[in-house]
Amino acid sequence: MAESGSAVVQRHASEEKETNERTGLWEGVLASPTDKRTTATSEPYIVERESSATSVEHGAHEEYEGLLHRERSLRGWADPKFRRKFFAASIGNILEWYDFAIFGYFAAEIGDQFFPSGDESRKLLDSFIVFGVAFVMRPVGGVLFGKIGDKYGRKRALEISIALMLIPSFIMGFLPTYDQVGYAAPALLILVRLCQGVATGGELVGAFIFLIEAAPTETRGFWGAICFAGANLGTALGAAVGAIIREFTKEKQVNTVWGDGDMLYVIGWRYAFWSSIILGAIGVYLRQSLEDSDEFEAVKHDKGDRHDSITTVFRKYGRQVILTIGHTCLWTTVFWLSFVWLASFQESLLEEESEVDQPFEISLGVQVLCCLCFPLAGVLADRVGQETIIMTGTVLIFASCLPVFILYTDGATSKYIVGQSMFAVFMAMIGGPLPVWMVNQFPVEVRYTGMGISYNLAQAIFGGSATPVATILAEKEVIPGYPGKPGLTPALYIMGVAVLAFIAECVSLRDTWRANVYAPLSGTTPAERNAEAKSYATYGTSRDTGSTAPQVHG
């Protein structure tokens, strides 16, 4: 049952009093003569931190950190409420990415059932175009659910999104084919994909926000990475289901209401969509008894930006929207090309030239590897800074892209696995720190809307176009020294996107440096400014005021 406004205020007042009693020792430390603060009417505060510290200050710092660590550790996995929030947030992510993955894995079969062309490459292209249609609607879902999440609560938005995502996924398994209803078949397919796109536009970012706001501050990178890894497990689950269905339906013939013929093409792929009802039902159940985060409850009854979040995001945080798109574009491009498109490409367009055995099973294995690397990337982001890890992953993908695609198209299974594994590790370095980095870009009042718009715009522009663009480019032979070698050209596309991502990351890093040098202290009392200065110095963000200043170690 939700707390009343007065109860929330009383609880926060009690917590603040307890925290002030424990951390009051810092007021004397930070207000000591070693901090030289200059102020001017229109200039921000500038804090000059001396390199040396007295033994008293060092001891106080150690005591404070020990108390803080013990307190916040209880708010992590040991807290039953946090564990429930973790599972509830993750299950929706798994369902979302499972649905998108199985469409990509069965693109060839879906194309055969819903499009009239006799050319296999044309059918695959049409199928991937429909696959990309759902991405176009994701920004719409981001705006819709962002408004709900910022105004009525993250819990409410997540409850609605998983229900709307479940229904179209289940309906996919019952759609008639082109042979049955003609052009109405692809029209219905597109309609269902549009509905899925709206629902998924609010699911992933909502789960990120919901879990990270509930997580201990100093381990938010780790928990954000775990949440994203759960989403990628959905893709791995899609690969596993796809592999099982392919093995089960191999060389079997059936007679169904959708037609006669190969079991995989007629009804096999439908099993994958029907199975989504299991994940959806679990997710709906888990999300019924959740509570919103303390951060949201603190601003829930405030008037202002939260009630006009869409206008506020573009008016005040347009720069953050652009930078978030830049940080997300490479991740989404490489993910859909490497883990989804490539398996269908190997099986369909390179069927006669490729000797790669079981590309879908290999995709499953490397996705598990990627998920295992996510927590490590999150821990490193908490230690050395999110921007540092993201930039490292970007540089490695750019440098290895062409060699990896040469391995992809060589035809040997071992080389294919090596190339996929390299991309899996490098992608984890981008995806692991990405959730908490995005959360830090927007204040609580408009966080859901800001992330929903920017992340889903990146998905629509780059994720939605990646698979059809790669299908077209794969037949081009423009790589010098590799004549007659189809499949290499998409590497150039990825390298171009990597350059865009690196530019955005450099701009963000510059902004971080400037914010650290000229960080304004917004506290109205000396005690508040002392606590805020300590928070900037240690964590790069004001943990007391909830501001989203960039991190010190970025």
Please list all pairs passing the salt bridge (Lys or Arg N to Asp or Glu O under 4.0 Å) test where one or both residues lie in [range], with sequence neighbours left out.
range	answer
residues 128-141	Glu96-Arg138
residues 449-462	none
residues 226-240	none

task = Kindly state each residue pair satisfying side chain to side chain donor-acceptor pair (under 3.5 Å) with at least one member in residues 85-94, sequence neighbours excluded.
result = none
key: salt bridge (charged side-chain N to carboxylate O under 4.0 Å, His left out) involving Arg154 - partner list, sequence neighbours excluded   = Asp150, Glu213
ask   = In chain order, what residues pass the salt bridge (charged side-chain N to carboxylate O under 4.0 Å, His left out) check against Arg319, with sequence neighbours excluded?
value = Asp511
Return the set of residues passing side chain to side chain contact (heavy atoms under 4.5 Å, CB included) with [X] (not counting sequence neighbours), or none when no residue passes.
X	value
Leu237	Ile94, Tyr98, Val241, Leu279
Ala243	Glu361
Cys195	Pro168
Val140	Met137

query = Does the side chain to side chain contact (heavy atoms under 4.5 Å, CB included) test come out yes or no for Gln386 and Asn440, once each step is laid out?
reply = CA-CA 10 Å; Gln386 301 140 24; Asn440 285 340; 3.5 Å; yes
query = Considering the options Thr333, Val136, Thr332, which one meets the side chain to side chain contact (heavy atoms under 4.5 Å, CB included) requirement together with Gln459?
reply = Thr332
key: Summary of ring pair (Phe, Tyr, Trp, His ring centres under 6.0 Å) pairs that have at least one residue in residues 361-384, sequence neighbours excluded   = Phe228-Phe374, Trp331-Phe374
Sequence neighbours left out, cut at 3.5 Å: what donor-acceptor pairs do the side chains of residues 197-209 make with other protein atoms?
unit_1	atom_1	unit_2	atom_2	d
Thr200	OG1	Gln196	O	2.9
Thr200	OG1	Gly197	O	3.1
Glu203	OE1	Ser161	OG	2.7
Glu203	OE1	Arg287	NH1	3.0
Glu203	OE2	Arg287	NH1	3.3
Glu203	OE2	Arg287	NH2	2.5

